[in-house]
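In what follows, a structure is listed as structure tokens, so that the remarks can point back to it.
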Amino acid sequence: MQQSPYPPLCPHRIPYPFSVAAAILAAVEGGILLPGENARLFGDLQIAGHFGVCVGLFCRAGCPALRQARRPPLRCSAAIAKSGNCLFAGSDSESLPVHHQACQRRKAIGILRPILTKPTDEMNVRVRFAPSPTGFLHIGGARTALFNWLYARHTGGTFILRIEDTDVARNTQEAVEVILNGLGWLGLDWDEGPIEVGSSRCDDRTPQRGVPTSKGAHGPYFQSQRTRIYQQRVQELKDKGLAYDHEGAVKFKMTREPIVIPDLIVGDVTRELTDRERLDPDFVIVRSDGQPVFHLVNVIDDLEMGITHVVRGEDHLSNTAKHIALFRAFGVEPPKYAHIPLILNPDGTKMSKRDQGASLTSYLEEGYAPEAVVNYLCLLGWSPKDNREVVPIQEVVQMFDLPQVLRHNARFDLDKLHWLNGEYIRLMSNERFYELAIPALKRAGFDTSKFPSPYVKAALDTCKGKKRLFSELADYGGFYFVEEVTYDPEAAAKDFTPENRERLKKLRDAFAALSSFDAASLENCLKETAKQLGVKAGALVHPTRLACTGKTAGPSLYHLLEVLGKDKVMQRLQRALTVMG
RNA sequence: GACCCUAUCGUCUAGCGGUUAGGACACCGCCCUUUCACGGCGGUAGCGCGGGUUCGAUUCCCGCUAGGGUCGCCA
């Protein structure tokens, strides 16, 4: 393989919105990357910037040109550099023939545009996932968490988990754990928020019984523990004359003017008042029972926690006007918003709690690998743009950016996830396969701990890549872990014939005489026996498989025989002969 | 009812004014394989409709239609 002219990867975390290509330039130049505004506009071209000095042209990370280019991309002239502007040239500009060829782009773009805004250290991204503990984690919520996490990891920012447990009635410790476990299963680690279940950090302090504890400097991260903060903020609004008591509740004096919501994904959205809102634009922020409502606490927490980017489902887009008004009422500029599209049912309707596949837990139970689920979720509304489907999460982290997230809703395609899971199983290490397979077998009632570890591993090795779901493994390879197999009745009727009995007897004797019980010897032996009997190999293969596994389909026959070992195979053949007789 | 978002094969997507509209899942053939899979080759299938702008629109603009979201003392 040809040595790449570029260093492997920038060792620093790269701020929004630059791609790997830009990161490489930064590494080469020792420079700093700064945010641009129009990454989306320019398709697969990206500008890399060096604090008011130097820029270059790149294709996006997945572009083959990146790998094929034989020399570093051009830099713009000193004059342009001094002006603080960036040169943006089309890939068919004659200076970049390699890019042109690889990209097959035809359009030349020539744009001069200042893109340098703030120094990097002012761009400390802080994002949060703020679920309500309802007792389950919605797949859409999981993707929202994923996109937040991706953005935090891409920018080197902070990912915060906040539990919106204002609704005391349905809020339980178990419900919180569903969320923590779900995120943990997906591998989405958070920098601030509740302490993970079973974490050793629990020992640092002795938490008050029943009171959840948090990590991070902006806590607590449970809304139920932040009531003082809300009370103070409500008073602030009252003092400013922006909130007032109304029938026992507190209402916020909402602006009558349309509010522009700048959105990183959707663009600028001007939100007019609806007819009902025109009648009374003010809305309740504290209920008559004293409980603050979602809009209020959400804004206060984002404000207090220094959230810089709100990445959430598009179902919140209309509400964002209220949130922006609230931020302004507190005298603060709102964070940047990014509303990601929703995940719909296969029939295009909104996915609700009861719908098939809505709960993240179901994917664990049904035998999906978390890395496959994460990969699939990444592909819903985002694309690496290079025709790949299997994309390692680390690469997604490098490439992911908010402006490239699609704006339309996506339907959940279980078939594709199913396929992707199969791909992941095939690609994963054997160790990882055991790690996921053994608990799956246990869930199905097969306790592999009763068998020697080498046997279990060898058995599982013959199953890897054959099935797409771990939940299917029990049916497929369960015969390794039972005393006595159960014969498929239909197959038994077909294959356990008197004629086959004689053949199988002959095969058993031939097997018994084998000195080496390995797959190759077994295959030779079986074929030789078939030859002597004057039958096709299939005539022996099918009854043998049925006798040893009870099924018509399964792992490679010779390999499974080897794994079972001579004793078990003899035993099972004998039993089949008895049954046949 | 009002407000907001969206619109490429059945599904997920690439596409950023000139393409034989590319890939993947699913589906259908054939090959490989005496199980089941994997793999290989090929196929069916798409720019919602109507107006503009333009020499030229899948691509830009407007309208319509359709889908989704929001308008709570739910989150």
Side-chain angles (χ1 to χ4, degrees), chain A residues 40-45 62 104-107 109 130-134 164-167 170 223 246-251 258 261 263 265-267 269-279 281 283-295 297-298 313-322 339 341-342 344 346 348-350 376 379-390 406-420 422-423 426 463-468 476 491 527 530 536-542 544-546 549 551-557 560:
Chain A
R40 174 185 201 120
L41 203 64
F42 300 145
D44 62 2
L45 303 172
Q104 300 190 319
R105 301 191 55 78
R106 304 196 171 156
K107 182 95 195 321
I109 311 165
S132 174
T134 57
E164 306 223 333
D165 57 349
T166 50
D167 192 343
R170 63 183 187 194
Q223 287 186 338
H246 175 79
E247 292 176 2
V250 182
K251 291 184 89 171
I261 304 161
D263 191 286
I265 293 170
V266 187
V269 175
T270 306
R271 169 64 155 78
E272 310 264 356
L273 296 179
T274 68
D275 52 357
R276 280 170 219 195
E277 288 167 339
R278 253 185 276 274
L279 261 36
F283 57 93
V284 169
I285 52 176
V286 181
R287 291 192 275 266
S288 48
D289 65 0
Q291 281 292 319
V293 306
F294 162 75
H295 298 300
V297 294
N298 192 265
E314 200 214 79
D315 49 343
H316 287 292
L317 184 55
S318 292
N319 289 151
T320 304
K322 290 177 180 173
H339 286 94
L342 268 22
L344 270 27
T349 55
K350 188 188 183 182
Y376 178 73
L379 261 24
L380 241 37
W382 178 86
S383 161
K385 297 177 191 290
D386 57 5
N387 286 344
R388 278 187 303 166
E389 310 295 325
V390 177
L406 260 3
R407 288 126 102 168
H408 59 262
N409 296 343
R411 300 184 190 200
F412 199 85
D413 184 1
L414 198 59
D415 279 340
K416 186 152 180 176
L417 172 58
H418 194 195
W419 166 79
L420 200 55
E423 292 295 297
R426 213 160 292 118
C463 300
K464 182 163 176 264
K466 296 284 199 163
K467 284 287 164 187
R468 291 174 167 186
Y476 191 79
K527 285 183 171 165
K536 286 184 179 176
L540 291 175
V541 166
H542 296 294
T544 306
R545 175 181 295 283
L546 187 62
T549 73
K551 298 185 183 299
T552 56
S556 159
L557 179 66
L560 79 84

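Just so we're on the same page: letters track the sequence lines, and every chain starts at 1.
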Could you check which nucleotide pairs with [N] in any of the strands shown, counting Watson-Crick or G-U wobble with both distances under 3.5 Å?
{"N": "B:U34", "value": "none"}
{"N": "B:C25", "value": "B:G10"}
{"N": "B:C49", "value": "B:G63"}
{"N": "B:G1", "value": "B:C71"}
{"N": "B:G17", "value": "none"}

Measure [atom1]/[X] against [atom2]/[N] and give the value in whole Å, please.
{"X": "A:Asp263", "N": "B:G69", "atom1": "CG", "atom2": "P", "value": "18 Å"}
{"X": "A:Ile261", "N": "B:C71", "atom1": "CD1", "atom2": "P", "value": "13 Å"}
{"X": "A:Lys322", "N": "B:C3", "atom1": "NZ", "atom2": "C1'", "value": "12 Å"}
{"X": "A:Asp315", "N": "B:C71", "atom1": "CG", "atom2": "C1'", "value": "14 Å"}
{"X": "A:Leu342", "N": "B:A7", "atom1": "CG", "atom2": "C1'", "value": "16 Å"}
{"X": "A:Asn387", "N": "B:A14", "atom1": "CG", "atom2": "P", "value": "10 Å"}
{"X": "A:Glu277", "N": "B:G1", "atom1": "CD", "atom2": "P", "value": "17 Å"}
{"X": "A:Phe283", "N": "B:C74", "atom1": "CZ", "atom2": "P", "value": "14 Å"}

Measuring from atom [atom1] of [X] to atom [atom2] of [Y], what distance do you get when rounded to the nearest 0.5 angstrom?
{"X": "A:Arg287", "Y": "A:Ile285", "atom1": "CZ", "atom2": "CD1", "value": "12.5 Å"}
{"X": "A:Asn319", "Y": "A:Asn298", "atom1": "CG", "atom2": "CG", "value": "9.5 Å"}
{"X": "A:Ser556", "Y": "A:Arg545", "atom1": "OG", "atom2": "CZ", "value": "7.5 Å"}
{"X": "A:Thr349", "Y": "A:Arg411", "atom1": "OG1", "atom2": "CZ", "value": "8.5 Å"}

Conformer about C1'-N of B:C38 - syn within 90° of 0, anti elsewhere |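 Classified syn.
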Between protein and nucleotides 9-13 of chain B, what N or O pairs are separated by less than 3.5 Å?
{"unit_1": "B:C12", "atom_1": "OP1", "unit_2": "A:Arg411", "atom_2": "N", "d": "2.9"}
{"unit_1": "B:C12", "atom_1": "O2'", "unit_2": "A:Leu379", "atom_2": "O", "d": "3.1"}
{"unit_1": "B:C12", "atom_1": "O2", "unit_2": "A:Lys416", "atom_2": "NZ", "d": "3.2"}
{"unit_1": "B:U13", "atom_1": "OP1", "unit_2": "A:Gly381", "atom_2": "N", "d": "2.5"}
{"unit_1": "B:U13", "atom_1": "OP2", "unit_2": "A:His408", "atom_2": "NE2", "d": "3.3"}

Between [X] and [Y], is there a donor-acceptor pair closer than 3.5 Å when you use the side chain of the first and the backbone of the second?
{"X": "A:Ser132", "Y": "A:Thr134", "answer": "no"}
{"X": "A:Arg468", "Y": "A:Glu423", "answer": "no"}
{"X": "A:Tyr376", "Y": "A:Asp413", "answer": "yes"}
{"X": "A:Asp165", "Y": "A:Gln223", "answer": "yes"}

Applying a 4.0 Å non-hydrogen cut-off, can you work out what [X] is touching in the nucleic acid: base, sugar-phosphate, or nothing?
{"X": "A:His295", "answer": "base"}
{"X": "A:His316", "answer": "base"}
{"X": "A:Asn319", "answer": "base"}

For nucleotides 30-47 of chain B, read 5' to 3', which letter fits each nucleotide if B means a protein heavy atom sits under 4.0 Å from the base, S means only the sugar-phosphate is that close, and - means neither?
-> ----BBBSSS--------
Side-chain heavy atoms of [X] within contact of [Y], under 4.5 Å:
{"X": "A:Phe294", "Y": "A:His316", "answer": "yes"}
{"X": "A:Glu314", "Y": "A:Ile265", "answer": "no"}
{"X": "A:Pro258", "Y": "A:Glu272", "answer": "yes"}

Using the [atom1] atom as the reference point in each nucleotide, state the distance between [N] and [M] in Å, no decimals.
{"N": "B:U6", "M": "B:C47", "atom1": "C1'", "result": "15 Å"}
{"N": "B:C61", "M": "B:G42", "atom1": "P", "result": "38 Å"}
{"N": "B:G63", "M": "B:C4", "atom1": "P", "result": "11 Å"}
{"N": "B:U33", "M": "B:C49", "atom1": "P", "result": "47 Å"}
{"N": "B:C16", "M": "B:G51", "atom1": "C1'", "result": "23 Å"}
{"N": "B:G68", "M": "B:U44", "atom1": "C1'", "result": "30 Å"}
{"N": "B:G50", "M": "B:A57", "atom1": "P", "result": "14 Å"}
{"N": "B:C38", "M": "B:G29", "atom1": "P", "result": "16 Å"}

B:C5, B:A2, B:A75: which one has an atom nearest the side-chain heavy atoms of A:Glu164?
->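 Side chain of A:Glu164 sits closest to B:A75.
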Side chain A:Ser318 and base B:C71 donor-acceptor under 3.5 Å |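 Under the 3.5 Å cut-off, the side chain and the base do not form any donor-acceptor pair.
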Of A:Glu314 and A:Leu417, whose nearest nucleotide on RNA chain B comes first from the 5' end?
->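 Final value for this comparison: A:Glu314.
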State whether A:Arg407 places a side-chain N or O below 4.0 Å from either non-bridging phosphate oxygen (OP1 or OP2) of B:U6.
->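 True: A:Arg407 side-chain N/O within range (under 4.0 Å) of B:U6 OP1/OP2.
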Per the side chain to side chain donor-acceptor pair (under 3.5 Å) rule, which among A:Arg271, A:His339, A:His295 passes with A:Thr320?
->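 The option that passes is A:His339.
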